[in-house]
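Everything numeric here is computed off the predicted structure, so don't read it as measured data. Numbered from 1 within each chain, the chains take letters A, B, ... in sequence-line order.
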There are 4 protein chains.
Amino acid sequence: MTSSHVHRSLKEKQRQEREELILKVAQDVFLERGYHETSMDEIASRVGIAKGTVYLHFPGKDDLVIAIFERDMQEILRQMDACLDCQTSPQAKLEALLHFMYAGLFSKRTQLLSSIYHSADMKRLFAEKGGCLRDLWDQVAHRVAQLLDEGKARGDFDATLPTSIMTSTFLSLLSPKSYERLLAEGRFVPDDIVTHTGKIFFRGIQAKH
Amino acid sequence: MTSSHVHRSLKEKQRQEREELILKVAQDVFLERGYHETSMDEIASRVGIAKGTVYLHFPGKDDLVIAIFERDMQEILRQMDACLDCQTSPQAKLEALLHFMYAGLFSKRTQLLSSIYHSADMKRLFAEKGGCLRDLWDQVAHRVAQLLDEGKARGDFDATLPTSIMTSTFLSLLSPKSYERLLAEGRFVPDDIVTHTGKIFFRGIQAKH
Amino acid sequence: MTSSHVHRSLKEKQRQEREELILKVAQDVFLERGYHETSMDEIASRVGIAKGTVYLHFPGKDDLVIAIFERDMQEILRQMDACLDCQTSPQAKLEALLHFMYAGLFSKRTQLLSSIYHSADMKRLFAEKGGCLRDLWDQVAHRVAQLLDEGKARGDFDATLPTSIMTSTFLSLLSPKSYERLLAEGRFVPDDIVTHTGKIFFRGIQAKH
Amino acid sequence: MTSSHVHRSLKEKQRQEREELILKVAQDVFLERGYHETSMDEIASRVGIAKGTVYLHFPGKDDLVIAIFERDMQEILRQMDACLDCQTSPQAKLEALLHFMYAGLFSKRTQLLSSIYHSADMKRLFAEKGGCLRDLWDQVAHRVAQLLDEGKARGDFDATLPTSIMTSTFLSLLSPKSYERLLAEGRFVPDDIVTHTGKIFFRGIQAKH
DNA sequence: AATGAATGAGGTTTCATTCAT
DNA sequence: CATGAATGAAACCTCATTCAT
């Protein structure tokens with residue numbers, strides 16, 4: 001009984017690990033090559049499994065991408081909350097958020113998020129299959145909007161600016177592609193860029209005294 | 001002789017007009033459907049010509065996209081210069097630039113530009129085939145950077161911020177996708193958004209007094 | 001103008017001939033191998049064209065089979081009518097029908113018709129895509145039923161037998177598969193078989209005197 | 001020792017029961033969906049066992065179908081003989097046969113038998129793997145032929161008709177598909193149809209007096 | 001013995017590109 | 001020139017079969 005249970009749980013664990021691996025690899029390949037330039041064959045062979053095996057985990061290519069986005073968004077939300085707990089003022093929280101989104105592992109996730117908003121075919125895909133993603137993204141945007149409103153209430157941020165536009169502007173800073181060249185040129189490290197960009201944004205929304 | 005020459009030139013004019021039309025239509029379709037979801041068939045049939053005819057103007061699908069980007073960038077440069085002439089202060093010029101990039105016809109071009117920076121497959125395409133585009137984009141960035149430096153020299157902009165980062169931030173504002181939802185919700189018109197966003201940016205880079 | 005028209009019509013003619021050829025070849029292959037054992041590759045290569053070309057004529061494998069059935073049924077109806085004109089009594093007409101259905105070229109078509117009624121997957125296909133086929137087959141059955149009723153009215157056929165059952169029995173004679181072995185053994189030619197089978201049927205439905 | 005033997009025999013019995021169950025279920029699914037539309041997965045899951053287990057009983061999908069046909073034919077032969085014992089005249093025996101073949105449980109088997117004769121891929125399968133089936137079917141045909149000859153000898157049936165053709169015609173009546181529509185329309189019950197069809201056949205082969 | 005995850009050959013379909021007319 | 005039929009490489013996906021557990 002116990003052995004059987006352990007056995008089950010082991011198999012299940014292996015299954016989940018494999019699924020996780022597929023998601024990870026697929027994310028990389030999609031980022032490198034783009035959705036259409038990536039074949040299921042390539043994903044499978046990079047994972048080191050057969051094409052058919054991928055289909056045991058995800059019913060189709062579409063669903064694989066959706067799953068990647070979903071996992072990423074959930075992780076981002078989770079980490080966002082964790083990171084918001086450690087700070088006090090709304091501005092400090094938003095700054096922490098910015099830094100976190102660009103930090104090591106998350107730059108990939110942030111890039112994917114940004115691609116949602118920028119490629120016509122992905123948008124289509126989400127319109128058709130990604131109902132749940134809309135909610136998750138709304139939660140991200142909602143958290144940001146809340147912090148901005150909180151800052152306004154405290155008199156930190158300019159209350160005459162519409163929160164929705166501030167939110168959009170803040171989120172548009174989460175498009176790491178714009179900074180890739182800066183990084184590529186090697187004159188800055190990510191933290192520099194985020195710090196400066198953040199400074200521009202927060203000065204920009206500061207309440208006039 | 002003369003008649004033949006006129007004939008030639010007429011033909012040539014028609015040819016150019018058609019090429020222009022193909023570029024225009026293709027741009028629309030690419031924006032609607034995305035690169036991979038758009039077939040040469042669809043472009044040809046929307047233009048009202050045969051598929052083969054498209055290949056008389058552009059050697060391949062890749063080159064067609066490159067040509068679109070090239071044309072757009074050149075047009076943007078041209079209009080940018082025109083629009084910069086009408087203003088006096090660097091900030092006024094940059095504001096005019098922002099408004100212009102979102103104005104009617106240019107929103108499409110701006111969207112395409114933004115997609116350069118955000119989709120993995122386009123980037124690859126440009127890396128392989130789009131040598132000339134790099135130069136054009138550098139010119140755009142250069143104009144912005146010049147204005148920012150000019151502003152710094154006049155004491156308008158904060159000289160402690162690295163110009164390259166300011167430039168990047170400014171250009172990242174040219175990602176209309178971020179605002180699509182704001183527009184879709186119907187609470188703002190493009191000009192509102194640009195005005196507010198610009199306000200944030202320019203306050204953000206203002207020199208401290 | 002005329003030349004263009006002729007040109008058009010020539011192209012169109014070639015197109016139709018090619019389509020006809022595909023239908024013919026596909027019918028043969030489907031008969032030999034069955035629907036699922038036949039690949040589009042095989043059809044194309046037997047016709048001597050590329051796989052993609054088949055798809056210029058038929059949107060999918062399904063539609064190809066449907067088209068074959070439709071063409072066959074229409075041809076059968078046409079020939080049936082022709083063959084019914086040459087005879088006088090209902091029985092003579094039905095006998096002519098039987099012979100005609102087994103005659104040279106039609107044995108193939110008859111075999112296909114029969115396969116409609118006997119394979120589970122074909123039935124499914126027709127249920128989904130073959131609306132028009134149902135009508136055509138009904139016309140065939142209707143013609144037979146009419147002849148049987150006519151014969152009853154003349155006092156030739158037994159009026160106590162339900163026409164629908166007589167029709168079914170008659171049509172079940174159109175299943176050449178049952179006779180293949182007889183033919184294969186070489187002791188009979190098709191006409192013998194049809195003659196004897198017909199004799200059994202017509203005696204069977206004869207009015208009692 | 002004895003216990004081990006009993007154990008063995010118990011296991012063996014369970015094994016046979018499961019094999020029987022697989023055959024039964026597979027038959028149903030093949031009839032519903034057709035050979036190619038049926039996956040080994042579906043069969044296994046309907047039986048309630050793992051896919052691999054099916055392969056412990058049958059080396060492949062082909063062999064499973066062959067086994068079904070073999071079992072069905074053997075059962076038909078067994079039941080045929082039983083049913084022939086209860087009747088006296090050849091005609092009564094053949095009539096009993098007809099009714100029996102359409103009776104409740106046997107309609108399925110009859111349908112499968114009929115599909116042997118009507119689908120190209122099944123024929124191929126039997127040509128390659130189904131040596132034994134040929135013999136069994138010959139036995140069925142032989143029994144019918146014997147009865148017909150017996151009837152001829154008694155002066156019941158028309159001796160001028162070739163027995164082989166009479167046999168073929170009789171067996172072609174065993175194609176329940178032809179009657180499905182009659183049944184579907186709801187105007188007849190199976191027994192009506194068989195009775196009328198049989199009447200046509202037996203009148204058709206009756207000796208002239 | 002039983003399982004079911006893994007495999008990979010094979011099938012259908014799409015579409016950028018070519019080329020004879 | 002312009003056309004659009006033809007091509008065939010390449011993608012997605014299924015499923016019979018195997019094999020480690």
Side-chain angles (χ1 to χ4, degrees), chain A residues 4 7-8 10-12 14-15 18-19 36-45 47-64, chain B residues 11 14-15 18 36-45 48-64, chain C residues 4 7-8 10-12 14-15 18-19 36-45 47-64, chain D residues 11-12 14-15 18 35-45 48-64:
Chain A
S4 151
H7 190 246
R8 275 282 176 91
L10 176 67
K11 279 231 163 178
E12 183 55 26
Q14 284 181 338
R15 195 197 133 79
R18 161 95 46 127
E19 195 158 307
H36 286 280
E37 307 277 355
T38 301
S39 72
M40 293 299 267
D41 258 316
E42 168 135 21
I43 292 170
S45 82
V47 177
I49 58 179
K51 199 178 4 180
T53 309
V54 180
Y55 285 91
L56 293 179
H57 293 266
F58 306 95
K61 202 184 178 184
D62 304 351
D63 310 85
L64 178 52
Chain B
K11 278 246 166 176
Q14 285 181 338
R15 198 194 131 80
R18 185 161 51 197
H36 287 279
E37 308 277 356
T38 301
S39 70
M40 293 299 267
D41 259 314
E42 169 136 22
I43 293 170
S45 83
I49 58 179
K51 194 171 22 174
T53 310
V54 180
Y55 283 88
L56 294 178
H57 291 265
F58 306 95
K61 202 184 177 184
D62 303 350
D63 310 88
L64 178 52
Chain C
S4 150
H7 189 247
R8 275 281 176 90
L10 176 67
K11 278 231 165 179
E12 183 54 26
Q14 284 181 338
R15 196 196 134 78
R18 160 96 44 126
E19 193 158 311
H36 286 280
E37 306 278 353
T38 301
S39 72
M40 293 299 267
D41 257 318
E42 168 134 24
I43 293 171
S45 81
V47 177
I49 59 180
K51 204 177 359 181
T53 309
V54 181
Y55 284 89
L56 293 179
H57 293 266
F58 306 95
K61 202 185 177 185
D62 303 352
D63 311 85
L64 178 52
Chain D
K11 277 247 166 175
E12 182 55 26
Q14 285 181 337
R15 198 194 130 80
R18 184 160 52 196
Y35 177 72
H36 287 280
E37 308 277 356
T38 299
S39 71
M40 293 299 267
D41 260 314
E42 169 137 21
I43 292 170
S45 84
I49 58 179
K51 193 169 24 170
T53 310
V54 179
Y55 284 88
L56 294 179
H57 292 266
F58 306 95
K61 200 183 178 186
D62 303 351
D63 311 86
L64 178 52

### Message
Tell me the interatomic distance from A:Lys11, atom NZ, to E:dT3, atom C1', rounded to whole angstroms.
### Response
7 Å
### Query
What string of B, S and - do you get for nucleotides 6-12 of chain F, 5' to 3', when a contact is any protein heavy atom under 4.0 Å?
BBB-BSS
### Query
Side chain of A:Lys61, backbone of A:Thr38: donor and acceptor closer than 3.5 Å?
yes
### Task
Go through the structure and list residues passing salt bridge (Lys or Arg N to Asp or Glu O under 4.0 Å) with C:Glu42, not counting sequence neighbours.
C:Arg33, C:Arg46
Return all side-chain donor-acceptor pairs below 3.5 angstrom for residues 53-60 of chain B, not counting sequence neighbours, or 'none' if the list is empty.
from: B:Thr53; atom 1: OG1; to: B:Ala50; atom 2: O; distance (Å): 3.4
from: B:His57; atom 1: ND1; to: B:Glu19; atom 2: OE1; distance (Å): 3.0
from: B:His57; atom 1: NE2; to: B:Arg18; atom 2: NE; distance (Å): 3.4

### Message
Between D:Tyr35 and D:Asp62, is there a side-chain heavy-atom distance shorter than 4.5 Å?
### Response
yes
### Query
Listed by chain and number, what are the side-chain hydrogen bond (donor to acceptor under 3.5 Å, both in side chains) partners of D:Lys51, not counting sequence neighbours?
D:Asp41
### Query
When the distance from CG of C:Asp63 to C1' of E:dT13 is rounded to whole Å, what number comes out?
12 Å
### Query
Which whole-number value in Å describes the distance from D:Leu64 CG to F:dA16 P?
11 Å
### Message
On DNA chain E, does the nearest nucleotide to C:Pro59 precede the nearest nucleotide to B:Pro59 from the 5' side, or the other way round? Give the residue.
### Response
C:Pro59
## Note on the structure
Here the distance between atom P of E:dT12 and atom CD of C:Glu42, to the nearest Å, is 10 Å
### Query
Can you tell me how far P of F:dA16 sits from CZ of D:Phe58, to the nearest Å?
15 Å
### Query
Separation of B:Gln14 atom CD from F:dC1 atom C1', in whole Å?
12 Å
#### Entry: Sequence-distant partners of B:His36, ring pair (Phe, Tyr, Trp, His ring centres under 6.0 Å), two or more places apart
A:His36
## Note on the structure
Per-residue pairing states of DNA chain F in dot-bracket (Watson-Crick or G-U under 3.5 Å; . unpaired, | other strand) read .||||||||||||||||||||
